[in-house]
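First comes the structure, then the notes that go with it.
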Protein chains: 2
Amino acid sequence: MSFTNHDGLRPTPGECNSKLAAASDALYVIGGKWRLKIILALADGHKRFNEIQRALSGISARVLSNELKELEINGFVIRKVYTDFPVVIEYELTPYSDTLSPVLQSLIEWGEMHREKIMHEGNGQKQSAIALEETL
Amino acid sequence: MSFTNHDGLRPTPGECNSKLAAASDALYVIGGKWRLKIILALADGHKRFNEIQRALSGISARVLSNELKELEINGFVIRKVYTDFPVVIEYELTPYSDTLSPVLQSLIEWGEMHREKIMHEGNGQKQSAIALEETL
DNA sequence: CGGGATCCCATTTGATACTG
DNA sequence: CAGTATCAAATGGGATCCCG
């Protein structure tokens, strides 16, 4: 019903506001529909543009292009151009992306737990809420 | 540069795909611009509609209304109507919201860390990336 | 106060075509 | 392959009015 702080107490409004601000800062750079997914898609190694697009079914080239630029500006992704022939362009995560590990880890674990829950509750009355489209 | 799994190894593509799916499931319900912020706004106790709106500067009544409905459907928030006079309507988090604690915690910590980094790097050339609007 | 309904504009996105 | 350009369509979101 409420989160507890390190003292096991309900957080004060002041604490909550600063937490809200911190979360907002985070969401500002890694929020949105694709950011974290792109980072995850690159987590098992560098990929080329079209590989990323295939890994994240549903994203258009234009959106992927824009998101990659943003991620590069913010230091999560690096774009490497190998000028050998044929020219190969690859994207890979920077070390800074590793700092997101706890966030991604907890998000993934929560997602697995949530999916379990949704599957088991027989989908009572309200429409369930797993990423149906993604699974297609 | 890459995340490691519990064995300290780079995750395999298969592992990554299932992680991507899990993260997608999570983002499907708690993604979006406001969901997590609303939950955080309620973390220090029940609030009324307008209190939430004030806590999250920038959200319109219509959007807040829609988001609260979604959060209610998905079991994160409960809407309580006190029919005394005057009628009072309050929103509060359900116990299920507590399962998000690790996600929120890591997100908040990352946000704090990231803000520090942005502040200190003198904002070299690329535009910085903290939630400026939120701070206004 | 707590919203629902409508209108209308702005931004985002998708599809397609095109280029280096 | 790795994108960019362009146009149309969808979506988001603000403003306003209204009701209980």
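Proteins get letters first, then strands, A, B, ... in listed order; numbering begins at 1 in each.
With rounding to the nearest 0.5 angstrom, the OG1 atom of T94(A) is 7.5 Å from the CZ atom of F76(A). From Y91(B), atom OH reaches atom CG of L64(B) across 7.5 Å, with rounding to the nearest 0.5 Å. Interatomic distance, CZ of R35(A) versus CG of L27(A), reported as 11.0 Å (0.5 Å rounding).
The phosphate of dG3(C) (OP1 or OP2) has no side-chain N or O of R48(B) nearer than 4.0 angstrom. Checking the phosphate oxygens (OP1, OP2) of dG4(C), a side-chain nitrogen or oxygen of K69(B) falls inside 4.0 Å. Between S65(A) and dA2(D) there is no side-chain N or O to OP1 or OP2 distance below 4.0 Å.
Take the nearest nucleotide of DNA chain D for V88(A) and for A61(B): the residue whose nucleotide is more 5' is V88(A).
In this structure, Q53(A) atom CD and dT16(C) atom C1' are separated by 13 Å, rounded to whole Å. Nucleotide dA15(D) holds its P atom 14 Å from the CD1 atom of I59(B), rounded to whole Å. The distance from atom CD1 of I52(B) to atom C1' of dG3(C) is 12 Å, rounded to the nearest whole Å. For the pair R35(A) CZ and dT12(C) P, the computed distance is 11 Å after rounding to whole Å.
A donor N or O paired with an acceptor N or O is found under 3.5 Å between the base of dG14(C) and the side-chain atoms of R62(A).
Distances were taken from every side-chain heavy atom of V63(A) (C-beta onward) to each of dG14(D), dG14(C), dG3(C); the shortest belongs to dG14(C).
Of the options L36(A), L71(A), I38(A), a side chain to side chain contact (heavy atoms under 4.5 Å, CB included) to I30(A) is made by L36(A) and by none of the others.
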